[in-house]
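The structure appears below as structure tokens.
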Amino acid sequence: MKRVYAFENRCLGCGLCEVYCKTAHSKSKDIIKANRNENITSAIVIEEILQPKAVAYFALQCRHCDDAKCVKACIAGAMYKDENGVVRNDKDKCVACLSCLLVCPFGAVKKTEEGKTVSKCDLCIDFGAPACVENCPNGALKLLDDKEAEALK
Amino acid sequence: MKYVIIGNSAAGVNAADAIRKNDKKGQITIISNEEFPAYGRPLISYYLSGKVKPENMSYRDASFYKSRKIDVLLNTEVTKIDSKNKKVITSGGKKIDYDKLLIATGSVPFVPPTNGLANQENVFTFLTYGESRRLKTAVNKNSKVVIVGAGLIGLKAAEGLFGQVAKITVLDLADRVMASVLDKPAAKLIQSHIEQNDIDFKLGVSVAEVVGEKKVSKVVLSNGESLLCDILIVAVGVRPNVALAKESGIKVNRAIIVDEYMQTSQKDIYAAGDCVESWDCLANACKVLALWPNASNQGETAGFNMSVGNKQKAPVSFAMNAISFFGLQLISAGIIGEANKNSIFDRAANKLRRLNIVDDKLLGYVLINDTQRAGIYTALINDKTKLSSLEYDITKKDIGLSVYPKASRVCKIWGQTK
Ligand SMILES: Cc1cc2nc3c(=O)[nH]c(=O)nc-3n(C[C@H](O)[C@H](O)[C@H](O)COP(=O)(O)OP(=O)(O)OC[C@H]3O[C@@H](n4cnc5c(N)ncnc54)[C@H](O)[C@@H]3O)c2cc1C
Ligand code: SF4
Ligand code: SF4
């Protein structure tokens with residue numbers, strides 16, 4: 001199963017991944033319209049690591065856990081693992097109760113701005129390839145399977 | 001192999017799913033005395049308010065049972081477990097053989113004996129989809145609703161009815177709402193938010209008497225006050241549904257006693273969910289943790305062990321809850337303790353964040369309207385992480401994975417994501 005991995009030493013915290021994440025999950029698929037007019041919450045958290053001399057960053061997405069706690073916790077059957085192992089959220093069923101957010105050990109689920117559902121990485125399954133990986137100017141995000149990830153750890 | 005599961009909800013469905021993953025051939029039968037396929041029980045208040053439509057109530061997609069070759073008997077009550085002959089007997093007199101049995105019978109509403117309450121038509125509990133549907137057809141714009149119990153279920157019923165009736169009054173014997181989960185400041189914040197929506201509270205009182213012939217018309221309170229009422233909802237609490245287990249000689253305390261593999265005192269009989277006592281790893285005691293995530297986790301563990309032998313232990317459990325009332329979001333977990341110095345209380349913004357730290361460990365928390373990344377706090381409780389081993393003081397800064405030292409952070413993100 002492939003997941004998106006972040007390379008801390010390469011990430012500048014520029015936030016472009018979030019911009020492209022929003023675009024990929026927009027109606028218009030237009031970068032300007034999506035980010036300006038459509039109220040979309042990205043499925044990425046950019047974390048800041050304070051170091052003695054500098055600040056470092058990394059971008060975090062859902063880890064699509066083998067034993068996904070969010071799926072077990074979901075009271076509505078809205079969070080589910082599809083046949084390829086991708087953990088997805090059915091927006092029609094989600095009631096934004098945040099039970100998934102309560103149990104996700106990565107803090108990888110966000111309540112959306114409009115508050116009616118949650119946002120989390122779906123590996124851009126309906127869009128094609130993960131937009132964050134494709135568009136990171138620094139090569140700080142990679143889509144890797146377990147073996148590749150182990151080798152690069 | 002013949003598997004029989006009594007109860008078609010969080011525990012039962014996740015058990016069936018786990019069994020089918022391990023045993024492609026065995027015969028799985030789920031028996032439920034309800035008339036609907038599995039639904040999200042906590043959604044019944046969303047149905048009541050109209051926020052969730054009937055087609056979105058189901059817990060799994062329409063093909064779930066068929067695609068996994070699971071037989072479901074709806075509208076069927078199990079009346080007896082004959083563990084000697086490994087059979088369950090239904091109300092229709094049907095006998096069903098099992099090799100492995102799961103009892104996932106959940107909770108039943110507790111209705112305290114009250115003067116005048118028996119045989120009244122307009123009295124409701126609020127535990128099932130059927131009851132929620134019955135309630136929805138019974139209310140109208142002029143209804144004066146009295147809800148007994150200001151716990152989660154009572155408050156959720158109030159929210160569900162809001163805007164559809166003339167008046168809602170919520171009573172509780174305790175001095176605050178959600179008394180079993182919240183301390184005073186947090187409860188006060190929630191209560192005043194709900195009050196803004198025209199819902200009245202009467203706290204520290206009980207029902208002395210219910211007045212009416214066939215239909216309740218008035219409720220007399222312990223302080224002498226009386227309230228006009230044409231819909232009475234009793235939501236004082238739930239009890240583990242243990243009658244079946246008890247009668248068949250399975251060991252029961254307050255709830256069914258199970259080991260870490262979810263097996264009961266009898267071989268080949270397992271139990272999971274609201275009907276069992278779970279080991280609360282924070283209280284170091286057995287407790288009834290009537291929560292959806294706990295039920296689905298235990299159901300899965302039971303199903304796994306029923307199909308491959310006792311190999312998997314149930315995940316550790318403790319109290320936790322995510323719930324919203326009229327847009328106010330509350331998340332709490334663990335032992336919340338007394339109000340202490342680690343409270344960040346922003347009354348203007350209706351925000352509260354309180355961490356209960358004891359002996360260098362996070363034991364519990366309450367978050368109101370400030371819930372981002374709460375799961376990382378939950379993980380700190382769950383893993384009993386030493387807070388002094390972390391990168392920063394969690395009371396000083398918003399929580400993030402950057403709280404973990406690099407080595408363990410990388411291990412978490414890159415490692416086996418289990
Ligand atoms: C209004 C409401 C809101 C809630 N909100 C939340 C929430 O936000 N978060 C949370 O974590 N939890 C919440 N809960 C609690 C949660 O719903 C339960 O913890 C969960 O449903 C337990 O699942 P279970 O499978 O153990 O049992 P149940 O869901 O109780 O299911 C047991 C099933 O077994 C059936 N049954 C029982 N006896 C028999 C018999 N003899 N024969 C045949 N069938 C039988 C019952 O009819 C029932 O269908 C809420 C509950 C209610 C009522
Ligand atoms: S949301 Fe969290 S718990 Fe769920 S699969 Fe993603 S990382 Fe795991
Ligand atoms: S917020 Fe949505 S996906 Fe998360 S547990 Fe609630 S209903 Fe399920």
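In what follows, chains are A, B, ... by sequence order, proteins preceding strands, each numbered from 1.
For chain A, the nearby parts of B/Ala322 are the backbone and the side chain; heavy atoms of each come within less than 4.5 Å. Contacts between A/Lys110 and chain B at a heavy-atom distance below 4.5 Å are absent for every atom of the residue. Only the side chain of A/Glu8 has a heavy atom closer than 4.5 Å to any heavy atom of chain B. Only the backbone of A/Cys74 has a heavy atom closer than 4.5 Å to any heavy atom of chain B. For A/Leu152, the parts lying near chain B are the backbone and the side chain together; criterion is any non-hydrogen pair under 4.5 Å. No part of A/Tyr80 comes within reach of chain B, as not one of its non-hydrogen atoms sits under 4.5 angstrom from that chain. If you measure heavy-atom distances from B/Phe64 to chain A, you find no contacts under 4.5 Å at all. At a 4.5 Å heavy-atom cutoff, B/Glu391 makes no contact with chain A through either its backbone or its side chain. Proximity to chain B (any heavy atom under 4.5 Å) is restricted, for A/Ala96, to the backbone atoms N, CA, C and O. For B/Lys53, no part lies near chain A; criterion is any non-hydrogen pair under 4.5 Å. Contact annotation for A/Ala78: neither backbone nor side-chain heavy atoms come within less than 4.5 Å of a heavy atom of chain B. Heavy-atom distances place both the backbone and the side chain of A/Cys97 under 4.5 Å from chain B.
Using a 4.0 Å cut-off between charged side-chain N and carboxylate O, B/Asp393 and B/Lys396 make a salt bridge. A salt bridge links A/Asp146 with A/Arg3: the distance from a Lys NZ or Arg NE/NH1/NH2 to an Asp or Glu carboxylate oxygen falls below 4.0 Å. We find that B/Glu55 and A/Lys93 are not joined by a salt bridge, their nearest charged nitrogen and carboxylate oxygen being 4.0 Å or further apart. Salt-bridge annotation for B/Arg41 and B/Glu34: present, with a side-chain N of the basic residue lying under 4.0 Å from a carboxylate O of the acidic one. Between B/Lys156 and B/Glu159, at least one side-chain N (NZ, or NE/NH1/NH2) sits under 4.0 Å from a carboxylate O, which counts as a salt bridge.
Between B/Tyr59 and B/Tyr39, the distance from one ring center to the other does not fall under 6.0 angstrom.
A donor-acceptor contact closer than 3.5 angstrom is absent between the side chains of B/Ser32 and B/Asn8.
Ranked by heavy-atom pairs under 4.5 Å with chain A, the list B/Gly327, B/Pro42, B/Ala10 is led by B/Pro42. Among B/Ile323, B/Thr371, B/Leu291, B/Leu380, the residue making the largest number of heavy-atom pairs under 4.5 Å with chain A is B/Thr371.
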- Item | salt bridge (charged side-chain N to carboxylate O under 4.0 Å, His left out) between A/Arg88 and A/Asp126, intermediate numbers included | CA-CA 11 Å; A/Arg88 304 179 64 181; A/Asp126 297 325; 3.2 Å; yes
